[in-house]
2 protein chains.
Amino acid sequence: MPDGPDIVRAAALLGDPARANMLTALMGGQALTAGELAREAGVTAQTASSHLARLEAGGLITVRQAGRHRYFALAGPDVAAVLEGLMSLAARAGHSRTRPGPRDPALRRARRCYDHLAGELGVAMFEALVADGRLALVDDHPVLTETGEAFVRGFGLDPETLRAQKRPLCRSCLDWSARRSHLAGTLGAGLLSRMTELGWARLEPGSRVVTFSKKGLAAFEAEFPTPHP
Amino acid sequence: MPDGPDIVRAAALLGDPARANMLTALMGGQALTAGELAREAGVTAQTASSHLARLEAGGLITVRQAGRHRYFALAGPDVAAVLEGLMSLAARAGHSRTRPGPRDPALRRARRCYDHLAGELGVAMFEALVADGRLALVDDHPVLTETGEAFVRGFGLDPETLRAQKRPLCRSCLDWSARRSHLAGTLGAGLLSRMTELGWARLEPGSRVVTFSKKGLAAFEAEFPTPHP
DNA sequence: ATCATGTTTCGACTATGGTCGAACTATGCC
DNA sequence: GGCATAGTTCGACCATAGTCGAAACATGAT
């Protein structure tokens, strides 16, 4: 019966509340210190330390030493993808977190999914891109069209650079809050970072929430209009 | 700190050796009885029963009553996707299963990945399809071309029927044994089932191994020639 | 040097949950 | 009806591992 790689090691790492909290915190995309992660997970520094050591040994996170701080981050987009997959499964099974906190509405509205935009606004952007032909869906996979390529350039991004990465340019990612898709891949990541550069939105430190300024939201809705039914 | 759906419930279910064995067995795509799964997992019937009850409560598997047997199957392709994702993580981290058993070479050669062909032959087929333009890669995603569509018809499948499903027609799936991609999606599933209909290959009951007949292998290699470097 | 802060190590406690033996229920066959 | 097989429930045992207190180890500031 032994066949295939050892799922159990990885899955068991994700199966503990403290570790899961740390990893979801890291889904924000930015690196966090051991102490911050301990607070985020609701455990003491000692226990957090042991958990972090395990996560690193399991290859799920990476460490970067900086002075007397140690910054932890997800090991890569594939880890984030598995986490989002688990969230979708849990959402489908109807097991939402025990107490939906005050941050929850903001998270449903706009949040980071590792390095791209998710939530209602993420879904709206994706559907707007598809609706007016900047993205085409081929076998349910998003593909950048010629008009889309022009838009990307106009937005201040270089398609060639984005394509040069190892990750695919476009990927659709199932949104656990909206049960619809949003845009991942290097294009998704590029668009989000460009929006922060332009001052449209701000990444709330210590959370996954993305806050849009008033002007930014107007610009966003002009660029990605909601298709009227 | 409570944000998002509860990953832990789902992940903890995958984090136990017995349950993970059952689920990987179900990756074969066919439904299995409680007893078969107990044997597959190496536990007694009692423990298996409790595990299966948990997996069903967690929404990872579904049950179908048939006489005095109960047939269990994965709840859907999304579950299979998460499992494959975990396998990729584990493979990258270098944690292969403790003892690669005698079945292992056969598994590396050709196996089912849920409902489509994986292993060396799966990778070979995928690369042959891409090499002669039956599949095109757009942003790393496989897309069926016009010549590909003709080939599918000639192979005895109806592209429209395949496209009518909820799942995408083509999906690439990272192969843990070959570290390259093979073809998933309804097309991947359709091709495998057609190969068994044609007598090219047989699905070994109780394992994920796919055995090709001598004639079948010859036909396979004629249809999907290995691109010479 | 001294102190403070961030992080890890050690040791002990505790609980969750995986395991099986035995008994019980349900279905099918004769 | 009686018997065999498939599956579940109950109860008890035991190990794994998550938890924290106390103390050690770093690094940076004064």
Side-chain angles (χ1 to χ4, degrees), chain A residues 1-2 6-26 30-58 60-73 95 98 205-206, chain B residues 1-2 6-26 30-58 60-73 95 98 205-206:
Chain A
M1 78 214 55
D6 189 7
I7 281 190
V8 180
R9 293 180 68 117
L13 285 174
L14 308 177
D16 173 76
R19 286 193 293 261
N21 281 331
M22 296 180 177
L23 290 170
T24 29
L26 290 175
Q30 60 182 346
L32 298 174
T33 70
E36 290 171 319
L37 288 169
R39 241 171 300 120
E40 197 70 28
V43 294
T44 61
Q46 309 94 294
T47 35
S49 177
S50 118
H51 285 310
L52 290 169
R54 282 160 177 268
L55 285 173
E56 202 215 338
L60 296 184
I61 59 176
T62 55
V63 205
R64 183 167 44 89
Q65 190 86 355
R68 58 177 161 181
H69 293 277
R70 302 190 71 196
Y71 282 92
F72 295 88
H95 298 307
T98 41
Chain B
M1 79 214 60
D6 188 7
I7 281 190
V8 180
R9 293 179 70 116
L13 286 175
L14 308 178
D16 172 76
R19 286 192 292 260
N21 280 331
M22 294 179 176
L23 290 171
T24 29
L26 290 176
Q30 59 182 346
L32 299 174
T33 70
E36 290 171 321
L37 288 170
R39 242 173 297 120
E40 197 70 28
V43 294
T44 61
Q46 307 95 299
T47 32
S49 176
S50 117
H51 285 309
L52 290 169
R54 281 159 177 270
L55 286 173
E56 201 215 340
L60 296 184
I61 59 176
T62 55
V63 205
R64 184 166 45 88
Q65 191 85 348
R68 57 177 163 179
H69 293 278
R70 302 189 71 195
Y71 282 93
F72 295 88
H95 297 307
T98 41

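Just so it is clear: chains get the letters A, B, ... in the order the sequence lines come, proteins before strands, and each one is counted from 1.
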Quiz item: For the pair made of OH in B:Y71 and P in C:dT27, what is the distance, rounded to whole Å?
Solution: 16 Å

Quiz item: What's the CG-P distance between B:L13 and C:dG17, to the nearest Å?
Solution: 11 Å

Self-check item: Distance below 4.0 Å between A:R54 side-chain N/O and D:dG18 OP1 or OP2
Solution: yes

Practice problem: Round to the nearest Å and state the distance from A:L52 atom CG to D:dA17 atom P. | Solution: 18 Å

Quiz item: Whole Å only: how far is the CD atom of A:E56 from the P atom of C:dT7?
Solution: 14 Å

Self-check item: N/O (side chain, B:R70) to phosphate O (OP1/OP2, C:dA26) under 4.0 Å
Solution: no

Practice problem: Would you sort out whether B:L14 and A:L14 count as a side chain to side chain contact (heavy atoms under 4.5 Å, CB included), showing the intermediate values? | Solution: CA-CA 9 Å; B:L14 308 178; A:L14 308 177; over 6 Å; no

Practice problem: Using only side-chain N and O atoms of A:T44, determine if any of them is under 4.0 Å from OP1 or OP2 of D:dC20. | Solution: yes

Self-check item: Side chain B:Q46 and base D:dG7 donor-acceptor under 3.5 Å
Solution: no

Quiz prompt | Whole-Å distance separating the CG atom of B:N21 from the P atom of C:dG18 | solution = 14 Å

Quiz item: Is any side-chain N or O of B:T47 closer than 4.0 Å to OP1 or OP2 of C:dT19?
Solution: no

Quiz item: Toward the 5' end of DNA chain D, which comes first, A:H51 or A:Q65, by nearest nucleotide?
Solution: A:H51

Self-check item: Side chain of B:R19 (C-beta onward), nearest among C:dT8, D:dT19, C:dG18
Solution: C:dG18

Quiz prompt | Selected nucleotide, minimal atom distance to B:D16 side chain, candidates C:dG18, C:dC20, D:dG7 | solution = C:dG18

Practice problem: Would you mind classifying the nucleic acid contact of A:A45 as base, sugar-phosphate or nothing, using non-hydrogen atoms under 4.0 angstrom? | Solution: base

Self-check item: Among C:dT9, C:dT5, C:dG18, the nucleotide that comes nearest once only the side chain of A:R68 is considered
Solution: C:dT5

Quiz item: How close or far is atom C1' of C:dG17 from atom CZ of B:R9, stated in whole angstroms?
Solution: 15 Å

Quiz item: Are the side chain of A:S49 and the backbone N or O of A:A45 linked by a donor-acceptor pair below 3.5 Å?
Solution: no

Quiz item: Does B:R19 reach the main-chain N or O of B:H51 with its side chain, forming a donor-acceptor pair under 3.5 Å?
Solution: no

Practice problem: Report the C-alpha separation of A:L23 and A:I61 in whole Å, then their side-chain angles, then the decisive distance to 0.1 Å, and conclude whether the side chain to side chain contact (heavy atoms under 4.5 Å, CB included) test is met. | Solution: CA-CA 9 Å; A:L23 290 170; A:I61 59 176; 3.8 Å; yes

Exercise. Give the rounded distance in Å between these two atoms: CD of A:E36 and C1' of C:dT5.
Key: 14 Å

Quiz item: Within less than 4.0 Å of OP1 or OP2 of C:dT27, is there a side-chain N or O belonging to B:H69?
Solution: no

Quiz prompt | Shortest non-hydrogen contact between A:L37 and A:A25, atoms and distance | solution = CD2-CB, 4.3 Å

